[in-house]
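Throughout, protein chains are lettered first and strands after them, A, B, ... in sequence-line order, and every chain is numbered starting at 1. All of these numbers come straight from a predicted model, not from anything done at the bench.
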Protein chains: 2
Amino acid sequence: MESSRAWRRPTLDAVAARAGVSTATVSNALNGTGRLSEATRQRVLATARELGYAPASTARALARGSTGVLGLTMTTYGDLPVSYTEIPYYAALTLSAMAAAHERGYLLLTMPSTMSPWMWLNTPMDGVIHVEPRADDPVAALLRERGIPMVSEGRPPRPHPCDAWVDSDHESGLRLLLDHLAESGARRIGLSLPVHDDAYPQLVAHAYRCWCEEHRRPALVEEYHLLPDYFTAEQEAVGRLLDRDPRPDAVIGVYSDSGHNILAVARRHGLRVPRDLLVACVSEDPEYASTAPPVTTLGLRPDLVGTEAVDLLISVINSRSVVNRRRLVPPVLLPRRSTRREASRASAAP
Amino acid sequence: MESSRAWRRPTLDAVAARAGVSTATVSNALNGTGRLSEATRQRVLATARELGYAPASTARALARGSTGVLGLTMTTYGDLPVSYTEIPYYAALTLSAMAAAHERGYLLLTMPSTMSPWMWLNTPMDGVIHVEPRADDPVAALLRERGIPMVSEGRPPRPHPCDAWVDSDHESGLRLLLDHLAESGARRIGLSLPVHDDAYPQLVAHAYRCWCEEHRRPALVEEYHLLPDYFTAEQEAVGRLLDRDPRPDAVIGVYSDSGHNILAVARRHGLRVPRDLLVACVSEDPEYASTAPPVTTLGLRPDLVGTEAVDLLISVINSRSVVNRRRLVPPVLLPRRSTRREASRASAAP
């Protein structure tokens, strides 16, 4: 095999010549298109691999003298005792960012959430997707200082004018969910709200309070801290909501496990779902299709978010004067039995 | 912020001094242990982040002059028209390898499956996990040539004496599945088998034929090619199995979508599952809990496999003379309705 100092990047023509086919056939083989015999397709692919033929986007990236590497890092939830890959949203986001980066010819480098940026910045990369930036995030400051393009996933709590970010449209999503609950007959909707310094809790709280004001409903909020024990803390907050008099007739949570937490507390309070209490949460977890009862969820579409983040980052890398530096992805509601009250019940005075 | 040329790696003592606490408190805060007030914990974590304090494993890795980066690459299924992250097994494997690498203080670099190794080898890394190596794999040859430690996930088809690999124990898994089918009354078990040059299909075929011989059952195998259209090809193979006379009373498939394929063909043949035909496949996909009927699956535990692969790779990086260079992970059977025949039916002559 040639040493890396001696190679010249192989062309489509070279692959065609070596395989004894036309360039159109090579292109079809690489893209999985056209009508080729299986044997021919495999032979052409093997030849391309042998010669080290690379997709055009990668060749262009390397020609520009760049590294061909995009970074993905998350520090906000780095103090949780689980890897962020165990939270369904971040798992899906990571995988979709990986697929999108790979499709554009980039490698994806993922950093441990507990690692300081000055450590992973030793590995050169063309740009970074930074997930869930905190207020005054040291990562953002460091990248800006070094001139490394960055896109936030999750808008920064206090965005700079030039910040590029992709986020769920939390406002429209929460309204979708609250309207659904109101249509199902809910009159007093409680919110279990985390205290944390990324933008998410503030956006949720703001959207909730605005909706309550517009609909002349009481804003019923109980807050909790994620550490040291998220499960206990949220369940205690939900307990405080359900202890209020008059009691809420619906409770929503904003994290992936919130649905489980609310169901557990409702059970302890002797409340049946949905008969006595409607329940919903923001989650990607397909397990909610099988809970008792199945829980209505608002999905944030991490597959779309990841793809948009990579696309925006590559745009920013290629041209610092990208005009549209903010992208919102609309959430989707997945109604299940936990918010499906009988029609006769819904019209009864609660 | 200090420039990277001027920094000295901060110590636990430095964090303690800056935060005004004991080193024990710092340690507890970082590990999520001990009894600290939430405010203290957050303050210590913020101080650690500020100073750029790194976990000991990362510091050790950097001190050895290594890159602190592990690579993950897959080329075998690179010619499929989907990103490998869309196949549940590889998605789960990638995430668990990422979590395991991060926990040990390493960054994880993932490569597009269509990219030639000589392109990504420009980015330095300490070692590589190579997923599903083919026979005479150019990736393996290139890494060996450059002296870069490698662990295969999926044993190589023809292993070198020094090869390190982690794989599912396909032999024990398939026996588990075949014994289960036999216990459910199956007498003629058909196998839908892909043609592909990684070790997996050969291991499955070998285990199946041995089992059939031991149990004096006919070996009923139909093969298919993955390209250009995997779904059609497998369904045609299953069709050929079901057209045999006498007909199989059970069919197993070895890929994640095989269950869907077999159900579709059974439906077209007017066969009811499990009444007329038992069905099972090798898959991680939780969707099989909701198919009509739910399909029995053999799970390969990619979460365990990924963790073992990272652990083995780090052992090999740290000491070239690792004795136990092969690790087998036993699969688990998840029986569902597709293999649950009524007792009276099971004893009837098929």
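The candidate with the highest count of non-hydrogen atom pairs below 4.5 Å against chain B, out of Ala99(A), Ala289(A), Ala101(A), is Ala99(A).
Contacts of Thr94(A) with chain B are made by side-chain atoms alone, with heavy-atom separations under 4.5 Å and no backbone atom involved. Both the backbone and the side chain of Met111(A) come within less than 4.5 Å of a heavy atom in chain B.
In this structure, the side-chain contact (heavy atoms from CB on, under 4.5 Å) partners of Ala100(A), at least two apart in sequence or on a different chain, are Thr307(A), Val310(A). Residues passing the salt bridge (charged side-chain N to carboxylate O under 4.0 Å, His left out) test with Asp311(B) are Arg104(B), Arg327(B), sequence neighbours excluded.
Rounding to the nearest 0.5 Å places CE of Met98(B) at 7.0 Å from CG of Leu95(A). For the atom pair CG (Leu109(B)) and CG (Leu109(A)), the distance works out to 5.5 Å, reported to the nearest 0.5 Å. Rounding to the nearest 0.5 Å places CD of Glu103(A) at 10.0 Å from OG1 of Thr85(B).
Side chain of His102(B) to main chain of Thr110(A): a donor-acceptor pair is present (N/O by atom type, distance under 3.5 Å, no hydrogens or angles).
Atom CD of Glu287(B) is surrounded by 12 or fewer heavy atoms from other residues, nucleotides or ligands within 6.0 Å.
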